[in-house]
Every structure is written in C-alpha cells, then in structure tokens.
Engineer: 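Dropping a structure here in structure tokens format, bear with me for questions.
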Amino acid sequence: MNEKYFPEEIEKKWQQAWRETRAFEVDMDDPRPKFYCLEMLPYPSGFLHMGHVRNYAVGDALAWFKRLQGFNVLHPIGWDSFGQPAEQAAIKRGVNPRDWTEQNIAHMRGQMQRLGISYDWSREIAAHRPDYYRWDQWFFLKMFERGLAYKRQSPVNWCPREETVLSNEQSSGGVCWRCGTPTTKKEITQWFVRITKYAEQLVADLAEIEAGWPEKVVKRQRDWVGRSEGAYVDFAVQDHDEKIRIFTTRVDTIFGATAIVVAAEHPILDTLPEGSALRDDVKQFAAKVKAERASRSDLTVEEEKTGLNTGLLAINPFNGETLPVWVANYVLMDYGAGAVMSVPAHDERDFEFATKYTLPIRQVIARITHEQAPTGADVVPGQDQSIDMREAFTDYGVLVNSGGWSGKLSQDALREMAEYAEKNGFGGGAVTYRLRDWGISRQRFWGAPVPIIHCGKCGEVPVPEKDLPVMLPDQAQFTGTGESPLAGVPEFVNTTCPKCGGEARRDTDTMDTFVDSSWYFFRYCDPRNESAPFDPKVIAKWIPVDQYIGGDSHAVMHLIYTRFWTKMMRDLGLISFSEPVKKLLTQGMVTNRIEGTDEWKAMSKSLGNGVDPDEMIAAYGADAARLFILFAAPVENELRWSESGIEGAVRFLRRVWTIVWQWRDRLLAAGNEAVVSDAADSATRALRRKTHQTIARMTADFEKLDLNTNVAALMELSNAVGDLTAKGTAAAADLSAVREAIEALVIMLTPMAPHTAEELWEALGHDGGLLQTAKWPTADADLARKDELEIPVQVNGKLRSKIMATPETTDEELRAAALADEKVRSFTEGHEIVKVIVIPQRLVNVVVR
RNA sequence: GCGGACGUGGCGAAAUCGGUAGACGCAGCAGACUUAAAAUCUGCUUUCCUUCGGGGAGUGUGGGUUCAAGUCCCGCCGUCCGCACCA
C-alpha cells in the first residue's frame with residue numbers, strides 16, 4: 001500500500017484480482033433483477049482505437065453502476081470477426097485469414113483487459129468460429145424453408161476496386177462504404193433475405209422503442225423503410241391490351257396529368273412494334289439511361305432530366321383524356337409501379353420535365369384562403385387560383401378544374417378518389433416502401449458459407465441440419481477475379497446431393513457479415529449451446545437488451561437488420577417479443593486535431609491523428625483515460641481529444657487519493673461505530689448535505705447517462721471534502737460524516753475509475769472488493785435539503801438583491817423581506833409597486849411602474 | 001435542392017418546470033512552497049465602465065409572448081447531420 005498514486009501498479013493488481021475471482025461472470029439463474037448492458041461488438045482489426053475505448057468506458061460505467069445497485073449485470077463482448085480486412089490481409093500479405101484474425105483478437109482482448117473493462121470473458125464469442133457460424137447457417141435454412149431467403153438474378157452494387165458485391169446500404173451515396181470507390185452495377189445471381197415482408201412492422205414497431213432510442217435514429221429508420229401512402233391508377237393504352245399502372249401519393253392532382261412517364265426498364269416499352277423506328281429510338285434511349293446510371297460518380301448533383309415520347313397514348317380513367325406516354329431517366333423501375341403520371345403544376349420534377357419538353361402545365365389545386373366570416377365564428381375556405389406557375393405548387397389545397405371533384409379539399413379527395421378508382425376497377429389505395437430486400441451474398445472467402453447444395457437433378461437443396469456447420473476450408477486461392485475464392489477449392493465445392501445422392505456442387509457464396517451481427521447478443525446469453533442457437537427460456541429472461549451503446553454509423557444497417565432478425569426469430573417461435581433493444585445510446589466520434597491545421601477529424605491512421613490507447617494507459621493509467629473520456633463531453637457529442645484534459649483527470653484522481661490517505665488513519669481508528677454528535681454543527685451538516693445532494697444527482701444522471709455532469713458532481717464532492725482540511729474546518733466536522741462522504745466518493749468513483757476505487761476502498765478497511773462489500777449509496781432527501789436559502793430579488797425582472805430565508809419562510813414573509821430590503825428600496829423608491837411575484841423558495845420579483 | 005438538429009466565455013461544457021447564465025474542468029494570470037524548475041496548494045479569470053459602493057451589456061441575429069426568456073413563438077444568418085429524382 002502506498003501513499004502515492006501509482007496507477008500501473010494498482011491497475012495490474014485489480015485486473016488480476018477480478019480475473020482470479022471471476023468477478024464479472026454472470027450466473028444466469030441469479031434471482032436478483034437482471035440488467036443487460038451491451039456494447040457493439042468490434043471488428044478485430046488488430047488494435048483498439050479511441051472510439052472503442054469511449055464505447056467501452058461508457059458501457060462499463062453503466063455496468064458498474066447497475067452492479068453496485070444490486071442488479072445481476074450481463075456485460076459481454078465478442079468479435080465480429082468475418083469480413084473484408086482479413087481477406088485483404090490474406091491477398092496482400094499471404095497470411096492465413098484465420099491466424100490473422102485470432103492474433104488480432106488476442107491482442108485486442110489484452111487491450112480491453114488493460115483498460116479494466118468488466119466483461120464476462122467466459123461468454124466471449126467470435127463470428128468466424130464454426131460453433132457460431134453454424135447457427136448463421138441454421139437461420140439461413142429456416143429462412144430458406146419459409147421463402148424468406150431466395151436467389152434471384154439482380155443488378156447489384158459492385159465495387160470495382162474490391163471486386164465485391166455491396167448491399168444498397170454499403171454503397172450508399174454511390175460509393176463503396178469501405179474504400180470510397182464509386183460503385184457500378186453488375187448483373188449476378190444473388191441470395192436475398194425478404195426483409196421487405198417486415199417493412200410495415202419495422203415502421204409500426206418503432207412506436208414501441210421510440211422512447212428509449214435517439215430521435216435521429218428512429219427518424220433515419222423510418223426514412224429508410226420509407227413508408228408512403230398513395231394510390232395505384234391503371235391507365236388503358238390506346239390500341240393496346242396492356243395497361244400502365246402508376247403509383248401516386250397525390251391522386252387528387254390527377255386532372256392535372258399531362259403525360260404518363262415510365263422508367264427505362266418498363267415492360268410496356270417491349271410492346272412497341274418490332275423494327276419500328278420509334279422502337280429503336282426508345283431502345284437506344286433506355287440503354288443510354290442505364291449506362292449513365294451505372295457510371296454515375298457524383299451523386300451529389302441531380303442528373304438533368306431527359307426523356308423521349310414513345311408515341312403511345314394512355315387514357316386517364318378519371319376524365320377520359322388522352323395523354324402521351326414518355327420514357328424518362330427520372331422514373332425508377334424498382335419503386336412504386338415504375339411509372340408515374342406527370343402533373344407539372346403540382347410536382348417539382350414533373351414541372352422541370354414539362355418545362356424542358358414543353359408539355360402543358362395545368363393547375364388543378366388552388367391555395368386555400370381563409371376568409372373570416374363576419375360573425376367571426378367560422379373559417380370559410382376560399383380559393384386562390386392566381387398561383388404563379390413559374391414553379392410547382394405542391395401544397396394541399398382545394399381542387400379546381402377537376403370535373404365533379406372540384407371544390408373538394410385535397411385531404412378528402414385523396415381518400416375519395418382512391419375509393420372511386422377501386423370501385424370502378426382501375427386502381428385503389430396502396431402503400432409502398434423504399435426498403436429493398438437485403439442482398440446477403442458475398443463472393444468472398446472469409447464469411448459463413450451459404451448452406452445450399454446445387455444438384456443437377458434436384459435444384460437448390462438445403463444442407464440437412466445434422467450436417468451443419470458447412471465448414472469453411474482452411475485456405476483458398478485469392479485470385480481477385482470477383483468470383484468467390486471458395487469456387488477454387490474442389491474439396492469444398494464437390495459434394496453429393498443430400499436428396500438423390502448424385503454429384504452436386506456447394507454454393508460458393510458466403511453471407512454478409514451483418515448476418516453475424518444481427519443476433520450475436522442473443523448468443524451471449526447461451527454461448528456454448530451445441531443443440532440450438534440459444535435456449536429460448538434463457539432469452540425470455542435476458543432480452544430485450546436494457547441498454548445498447550454504439551456508434552450512430554449503425555443507425556440504419558445493423559440496427560434495421562437486428563430488428564428484422566428479432567421479428568423473424570419471433571415468427572420461428574423462438575422468442576415472443578418483437579424488439580431486441582429497449583434503450584439505445586449513440587456515442588459521438590472521438591476526434592483529434594490534424595497536425596498543423598485547425599481541423600478536427602475522427603482519429604485514423606491515414607490522417608496521422610490517431611492516439612494509441614496503450615500509450616495513454618502507460619502514460620496516465622487506464623482510469624484517468626476513461627475518466628477523461630467520460631468527462632470531456634456528453635456521450636452523444638463529438639469528443640475532441642486533449643492531452644491536458646487527461647492530465648486534469650489524473651490530477652483529480654490524485655486529489656481523491658490524497659484525501660482518502662489524509663483521513664484513513666483517523667477513520668480506521670474510529671472504527672465503524674457511528675460518532676454523530678447530537679449537536680451536529682454546521683460544518684457537519686454542510687458536508688452531509690453535499691454528500692446526499694451528490695448521491696441524488698449522480699443516481700439521476702446515471703439513469704440518463706449524463707456521465708460528464710456526473711464526473712463534475714463527483715469533483716464537487718471531492719472539493720468539499722478537500723476543503724475540510726484545507727480550510728481548517730476539519731475539527732469541526734464530525735468524523736462519521738467524513739466517513740460517509742469519503743465512502744460515497746469512492747463508491748461513486750467506481751464506474752469511472754474502478755481500479756483506483758477498489759484500491760481506496762481496500763485502504764479504507766474493506767477487504768473483499770467493492771462488489772462484495774459496497775452498495776451504491778442512497779440519498780436522504782432530508783439531509784440533502786438546504787436549511788438556508790439565498791433568494792434572489794428582482795425589480796422589473798432585473799436582479800437587484802439577495803435575501804436569506806429558510807425552507808419554512810412563507811411567501812408573505814419573503815414578500816415583506818424583499819420589499820424591506822435596502823437595495824430593493826433604492827430601486828422602488830418613487831415608483832408605484834404594481835405587483836410582487838413570489839416563487840416559493842426560489843425568487844421574488846417586484847414590478848414597479 | 002429537400003428534411004432534421006443545433007448555435008452559451010479563449011476552449012470542452014453546465015443550467016429538471018420559463019425564475020441568480022457560465023457549475024465542473026482545460027488553458028491563462030497572480031501568489032505560496034523551492035537555490036531554481038516541475039509537482040502541489042491558494043486566489044482571480046464573460047465583457048465594458050467605475051469615485052471600488054457598485055453600474056451597464058451579454059446565451060448567433062431581428063422581432064414577439066411574459067412580471068420574468070439560453071429555455072416558448074415567428075423571421076433571418078450560420079454550422080453540422082441525413083437523403084439523393086422514391087412519384
């Protein structure tokens with residue numbers, strides 16, 4: 001035991017103690033209430049970065065807080081260990097991806113342990129190990145059985161640099177999410193998961209979690225699914241059997257339609273007379289549009305609208321009007337019906353298109369003018385038909401020039417016109433979604449093989465469950481051709497058909513790593529189960545996760561997939577709930593200044609502004625690094641790294657250390673008996689007040705995860721205790737009040753600086769560690785209450801004086817005291833006092849004229 | 001372009017309900033200790049004026065509501081994020 005603070009010694013000591021006593025291993029049957037604290041599992045790149053440290057520091061603080069409060073806390077960690085970098089390393093440096101991955105895991109596990117994060121290491125899992133990915137394959141088979149996993153030819157996003165298929169999400173913005181290379185399109189047969197079947201639930205169930213999730217994540221998820229209510233309308237085509245179906249959210253504007261516009265891939269285009277000049281033009285045009293789309297690099301600029309009149313004529317079923325059918329680049333085949341009615345007067349895109357090609361623009365919605373009736377009782381909608389048609393008018397309004405529908409409000413017309421279409425058999429109300437099915441095929445080696453066998457006779461045959469896992473071979477040739485490396489491993493590919501016993505080939509695709517991360521936190525609850533992904537009984541108790549913490553970069557991909565997966569598992573009968581995560585916290589980025597500039601960017605190797613966690617631990621200790629991270633900014637904010645900030649954290653820990661050692665001998669000598677004297681003096685009362693105020697504040701702030709203010713509260717308490725000796729009031733304060741303050745200080749320090757707290761707790765005479773001997777303190781409201789109040793007094797809303805009061809002072813007394821106050825009187829003198837506002841125990845405002 | 005969030009000292013920030021703006025920390029300044037420095041401790045630290053009692057201004061900006069606005073409402077400016085022709 002040393003009176004000087006040596007973090008490296010005590011951190012080693014307690015990390016070893018925790019390991020030896022298996023302090024953080026969870027008994028799932030423990031009768032205490034459970035708390036599942038989860039951080040997003042990392043990809044084992046080889047090294048922790050500060051973003052990881054922040055994530056784990058926050059999670060660990062909450063885990064400790066809940067443990068000290070008496071919860072049975074599950075706090076696990078694992079590895080998202082399939083994926084590109086391992087394969088890249090194999091290609092570039094010829095290393096074995098498995099060895100590379102395992103070495104990285106070993107190193108990063110060491111880093112986590114040096115940080116002293118309180119994980120239950122007995123539950124560690126890794127996606128690349130067969131005992132995990134066999135269950136990915138098992139789930140795939142279940143989805144395949146139910147038609148939720150299916151194969152189809154499909155244009156996919158293709159990264160020409162990494163030569164791999166990317167999901168829509170991964171090529172969001174038209175660039176590869178990993179390397180930033182602009183993506184292109186490629187036709188290829190792919191496995192898809194029918195997430196669109198759950199589109200409605202993915203939106204509707206947001207209501208269930210909204211309260212516990214950040215607003216912006218909920219919003220992004222809602223936008224991602226893109227639910228949109230509208231109507232289908234079928235337009236007959238003149239001299240044609242086919243009809244063109246359009247989707248619109250503004251069927252109320254249908255009398256303003258002056259054209260029908262279809263996508264370049266629309267099947268109606270194939271019905272144009274073979275060999276006609278027009279057909280050739282349209283074909284050429286469609287090919288050009290497709291080519292442009294595939295090669296687009298700058299998606300920040302909207303492409304200019306181009307189109308071509310197909311010569312076809314469509315008939316508006318509402319008024320019998322004949323409309324030209326155009327094909328244009330701004331209509332997308334894979335949304336809605338692949339065709340739209342063009343209403344230039346009331347849609348910006350149609351307006352732009354019509355202006356360019358001089359199509360008629362016809363106003364059919366008028367702005368409502370609210371005219372106050374003379375009695376003032378009713379608001380009468382009038383019409384303003386003088387809308388300036390230099391731009392589209394897209395608001396709701398009153399229908400005009402719309403036959404029998406004129407005079408109706410948009411809101412009513414939307415509903416009634418959809419009903420009318422349905423009744424007359426040419427359409428009806430409909431809901432569409434932007435969400436697309438999830439392409440999970442990857443032409444990669446380092447992933448879970450798709451458990452399907454292709455048989456010449458039987459077709460696609462699922463691997464029987466008893467044959468799982470389909471083992472990934474040890475090694476493969478990385479040709480970089482874009483074809484899965486598994487195709488070049490004959491021992492893997494060649495097999496027999498489980499159905500007919502004949503020669504057959506295995507599917508050589510592997511699964512998207514987002515499959516692995518969609519259900520990993522279920523596996524933590526039952527990590528060694530060999531007969532099922534998990535025991536449903538265990539899951540029923542432990543999931544939903546109480547608090548999930550991670551970066552908001554996963555706001556749509558991972559967090560949509562895991563919500564989908566949960567609903568899918570529910571429909572398999574494995575679980576009985578629909579949402580996996582009760583509360584979500586998205587942490588901000590950790591940034592650092594780029595040398596020689598004033599720019600703050602996320603830490604990264606390539607920018608040279610990274611900070612190595614190991615160096616921080618060596619220089620300042622894990623506790624100081626963690627404390628600084630929690631204190632420096634609110635968890636959701638960007639955190640700007642600061643070397644002097646971390647020094648401040650060390651100073652604080654040293655001060656707490658000094659305080660404990662200053663009082664230790666006296667406290668130990670006094671023993672455990674209470675020595676509160678009856679006539680508690682004011683110093684004692686003040687100290688106890690501060691102690692209990694701090695307890696109340698910190699307990700509340702922890703629930704909100706306001707960790708920065710929490711550290712501030714702790715600093716205030718430590719300053720208050722420090723002042724006892726510094727200001728010579730030590731003798732005045734009762735020893736048991738000091739004990740109370742110091743013990744609260746040490747216990748409440750634990751979530752942010754656990755090693756230091758353990759050491760100090762032991763120094764205070766508690767053997768056996770915090771978990772055995774400490775409880776999160778409870779605030780006593782009476783003790784926390786102030787017995788003297790300083791009441792600000794305002795005159796006309798300006799602070800002029802302060803008067804002293806007690807909680808018992810009545811409003812009338814406050815009022816009298818305020819008016820009698822000398823300073824106040826100097827401002828009220830010669831003025832008429834209009835009124836006096838008294839906010840009980842808070843403030844007095846004298847209003848004068 | 002559309003949608004959303006935000007705007008508080010030199011810096012990170014705090015401010016349950018509309019009720020003392022700037023807690024806590026960083027940086028800075030002054031002092032104590034020291035041969036000296038570091039470390040540590042103490043004090044100061046929004047800004048302007050001051051006869052040193054105080055007084056004025058102040059939460060991007062202009063209005064409004066209110067006894068009272070960082071907080072609520074409207075306009076503008078700025079920053080950041082999301083989306084990328086989704087009909």
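Below, each value reflects all heavy atoms present in this structure, side chains not excepted, and no hydrogens, waters or symmetry copies. Lettering of chains follows the sequences in order, A, B, ..., and the numbering in each one begins at 1. Predicted model only: the values in this text are computed from it and were never measured.
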Engineer: Look for any protein N or O under 3.5 Å of an N or O in nucleotides 37-39 of chain B and output each such pair with its distance, or none.
Structural biologist:
none

Engineer: Within the side chain of A/Thr258, is there an N or O that forms a donor-acceptor pair under 3.5 Å with the backbone of A/Pro360?
Structural biologist: yes
Engineer: I'd like to check A/Ile244 versus A/His266 (side-chain heavy atoms, cut-off strictly below 4.5 Å). Are they in contact?
Structural biologist: yes
Engineer: If you find the nucleotide of RNA chain B closest to A/Tyr433 and the one closest to A/Pro792, which residue's nucleotide is nearer the 5' end?
Structural biologist: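 The residue closer to the strand's 5' end, by nearest nucleotide, is A/Pro792.
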Engineer: Going 5' to 3' along nucleotides 62-69 of chain B, which nucleotides have protein heavy atoms under 4.0 Å from the base (write B), which only from the sugar-phosphate (write S), and which from neither (write -)?
Structural biologist: -----BS-
Engineer: P atom, B/C73 versus B/C80: distance in rounded Å?
Structural biologist: 24 Å
Engineer: Side chains of A/Phe285 and A/Thr306: closer than 4.5 Å at any heavy-atom pair?
Structural biologist: yes
Engineer: Evaluate the ring planes of A/Tyr357 and A/Phe353, with Trp represented by its six-membered ring, and classify them as parallel (under 30°), tilted (30 to 60°) or perpendicular (over 60°).
Structural biologist: tilted
Engineer: Please report the distance, rounded to the nearest Å, between CG in A/Asp334 and P in B/C85.
Structural biologist: 10 Å
Engineer: Ignoring the backbone of A/Phe827, work out which of B/G12, B/A14, B/G55 is nearest its side chain.
Structural biologist: B/G55
Engineer: Can you tell me which residue among A/Leu630, A/Leu653, A/Asp623 is in a side-chain contact (heavy atoms from CB on, under 4.5 Å) with A/Met752?
Structural biologist: A/Leu630
Engineer: When all nucleic acid strands are considered with a 4.0 Å heavy-atom cut-off, which category describes A/Asn719: base, sugar-phosphate, or nothing?
Structural biologist: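 Sugar-phosphate contact only.
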Engineer: How many whole angstroms separate atom CH2 of A/Trp657 from atom P of B/U40?
Structural biologist: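 Atom-to-atom, A/Trp657 to B/U40, this comes out as 16 Å.
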Engineer: At 4.0 Å (heavy atoms only), tell me whether A/Ser228 reaches a base, stays on the sugar-phosphate, or touches nothing.
Structural biologist: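 Here A/Ser228 touches the backbone only, sparing every base.
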Engineer: Which nucleotide in the list B/U20, B/A27, B/A87 gets nearest to the side chain of A/Leu799?
Structural biologist: B/U20
Engineer: Classify the nucleic acid contact of A/Arg593 as base, sugar-phosphate or nothing, counting any heavy atom under 4.0 Å across all strands shown.
Structural biologist: nothing
Engineer: Taking B/U51 as the reference, what is the distance to B/A13 when you measure between their C1' atoms (whole Å, please)?
Structural biologist: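 Nearest-Å result for B/A13 against B/U51 at atom C1': 38 Å.
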Engineer: Side chains of A/Gln221 and A/Arg563 only: does a donor on one sit below 3.5 Å from an acceptor on the other?
Structural biologist: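 The criterion, which ignores hydrogens and geometry beyond distance, is satisfied for A/Arg563 and A/Gln221.
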Engineer: Between B/A38 and B/A27, how far apart are the two P atoms, rounded to whole Å?
Structural biologist: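 Taking atom P in both B/A38 and B/A27, they lie 13 Å apart.
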Engineer: Centroid separation under 6.0 Å, is that true for the rings of A/Phe628 and A/Trp641?
Structural biologist: yes
Engineer: Atom NZ of A/Lys786 to atom P of B/U20: distance rounded to whole Å?
Structural biologist: 11 Å
Engineer: Using nucleotides 2-10 of chain B, report all nitrogen or oxygen pairs with the protein that are shorter than 3.5 Å.
Structural biologist:
none

Engineer: Let me know the distance between CZ of A/Arg434 and P of B/A87, rounded to the nearest Å.
Structural biologist: 7 Å
Engineer: Quick check on B/G9: syn or anti? Syn means the glycosidic torsion is within 90 degrees of zero.
Structural biologist: syn
Engineer: I need the CD-C1' distance between A/Glu643 and B/A27, as an integer number of Å.
Structural biologist: 15 Å
Engineer: Rounded to whole angstroms, how far apart are CZ on A/Phe351 and C1' on B/G1?
Structural biologist: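 That distance rounds to 15 Å.
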Engineer: Give me the distance, rounded to whole Å, that separates B/A69 from B/G19 when you measure between the P atoms they each carry.
Structural biologist: 11 Å
Engineer: Measuring only the C1' atom in each nucleotide, how far is B/G64 from B/U46? A whole number of Å is fine.
Structural biologist: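 Nearest-Å result for B/G64 against B/U46 at atom C1': 27 Å.
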Engineer: In terms of side-chain heavy atoms, does A/Glu8 have a donor or acceptor partner in A/Tyr620 at a distance below 3.5 Å?
Structural biologist: no
Engineer: Let me know the distance between CG of A/Asp723 and P of B/U42, rounded to the nearest Å.
Structural biologist: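 It is 7 Å, rounded to the nearest whole Å.
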Engineer: I need the CE-P distance between A/Met715 and B/G12, as an integer number of Å.
Structural biologist: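 It is 17 Å, rounded to the nearest whole Å.
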Engineer: Reading 5' to 3' and counting Watson-Crick or G-U wobble pairs with both distances under 3.5 Å, write the dot-bracket notation for RNA chain B, | for bases paired outside the strand.
Structural biologist: (((((((..(((......[....))).(((((.......))))).((((....))))..(((((..]....))))))))))))....
Engineer: Is the base of B/G25 syn or anti, if syn means a glycosidic angle within 90° of 0?
Structural biologist: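 B/G25: anti glycosidic orientation.
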Engineer: Could you check whether A/Gly648 gets within reach of a base, just the sugar-phosphate, or nothing at all, counting any heavy atom under 4.0 Å?
Structural biologist: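 Here A/Gly648 touches the backbone only, sparing every base.
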Engineer: Are any non-hydrogen side-chain atoms of A/Val233 and A/Val251 less than 4.5 angstrom apart?
Structural biologist: yes
Engineer: Return a table of donor-acceptor pairs under 3.5 angstrom between the side chains of residues 705-722 of chain A and protein atoms on other chains or two or more places apart.
Structural biologist:
{"from": "A/Thr709", "atom 1": "OG1", "to": "A/Asp701", "atom 2": "OD2", "distance (Å)": "2.7"}
{"from": "A/Thr709", "atom 1": "OG1", "to": "A/Asp706", "atom 2": "O", "distance (Å)": "3.0"}
{"from": "A/Glu716", "atom 1": "OE1", "to": "A/Lys690", "atom 2": "NZ", "distance (Å)": "2.8"}
{"from": "A/Glu716", "atom 1": "OE2", "to": "A/Arg697", "atom 2": "NH1", "distance (Å)": "3.3"}
{"from": "A/Asn719", "atom 1": "ND2", "to": "A/Met715", "atom 2": "O", "distance (Å)": "3.4"}

Engineer: What is the nucleic acid contact for A/Arg800, judged by heavy atoms within less than 4.0 Å: base, sugar-phosphate only, or nothing?
Structural biologist: sugar-phosphate
Engineer: Quick one: is the NZ or CZ of A/Lys704 closer than 6.0 Å to the six-membered ring centre of A/Phe702, and within 45° of its axis?
Structural biologist: no
Engineer: Should A/Asn637 be listed as having a side-chain N or O under 4.0 Å from OP1 or OP2 of B/A13?
Structural biologist: yes
Engineer: Crowded around A/Arg825 CZ? As in, over 12 foreign heavy atoms under 6.0 Å?
Structural biologist: no
Engineer: From the set B/A13, B/A87, B/U20, return the single nucleotide nearest to any side-chain atom of A/Lys802.
Structural biologist: B/U20
Engineer: In terms of side-chain heavy atoms, does A/Thr432 have a donor or acceptor partner in A/Tyr335 at a distance below 3.5 Å?
Structural biologist: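 A/Thr432 vs A/Tyr335: donor-acceptor pair found between side chains.
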Engineer: Taking atom P in both B/G60 and B/A14, compute the distance separating them and give it to the nearest angstrom.
Structural biologist: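 Taking atom P in both B/G60 and B/A14, they lie 15 Å apart.
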Engineer: Could you check A/Ile254 against A/Met417 for side-chain contact (heavy atoms from CB on, under 4.5 Å), going step by step and ending with a plain yes or no?
Structural biologist: CA-CA 9 Å; A/Ile254 199 164; A/Met417 290 170 95; 3.6 Å; yes
Engineer: Pick the nucleotide of RNA chain B nearest each of A/Asp552 and A/Arg250; which residue has the one closer to the 5' end?
Structural biologist: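 Nearest-nucleotide comparison on RNA chain B picks A/Asp552.
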Engineer: Would you say A/Lys798 places a side-chain N or O within less than 4.0 Å of OP1 or OP2 belonging to B/G56?
Structural biologist: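 It does not, given that no N or O in the side chain of A/Lys798 lies less than 4.0 Å from OP1 or OP2 of B/G56.
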Engineer: Under 4.5 Å between any side-chain heavy atoms of A/Leu206 and A/Arg222, yes or no?
Structural biologist: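 With C-beta onward as the side chain, the pair touches.
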Engineer: Are side-chain N/O atoms of A/Thr694 and A/Thr691 paired as donor and acceptor at under 3.5 Å?
Structural biologist: no
Engineer: Establish, with yes or no, whether the OP1 or OP2 oxygen of B/A87 is under 4.0 angstrom from a side-chain nitrogen or oxygen of A/Tyr330.
Structural biologist: no
Engineer: Where along residues 689-713 of chain A does a heavy atom fall under 4.0 Å from RNA chain B?
Structural biologist: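 Result for residues 689-713 of chain A: A/Asn708, A/Thr709, A/Ala712, sorted by number.
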Engineer: What does A/Arg640 touch in the nucleic acid at a heavy-atom separation under 4.0 angstrom: a base, only the sugar-phosphate, or nothing?
Structural biologist: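 The residue A/Arg640 makes no contact with any strand.
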Engineer: If you measure from the C1' atom in B/G12 to the same atom in B/G22, how many Å do you get, rounded?
Structural biologist: 13 Å
Engineer: Under 6.0 Å between the ring centres of A/Phe318 and A/Phe426?
Structural biologist: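 Aromatic pair counts; centres sit under 6.0 Å.
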Engineer: In whole Å, what separates the C1' atom of B/U47 from that of B/A36?
Structural biologist: 38 Å
Engineer: Within a reach of under 6.0 Å around CD of A/Glu703, are more than 12 heavy atoms found that belong to other residues, nucleotides or ligands?
Structural biologist: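 Correct, the count exceeds 12.
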Engineer: Using a heavy-atom cut-off of 4.0 Å across all strands, would you classify A/Phe628 as base, sugar-phosphate, or nothing?
Structural biologist: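 No contact.
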Engineer: Under 3.5 Å, is there a donor on one side chain and an acceptor on the other for A/Tyr5 and A/Thr756?
Structural biologist: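 Distance-only check passes for A/Tyr5 and A/Thr756.
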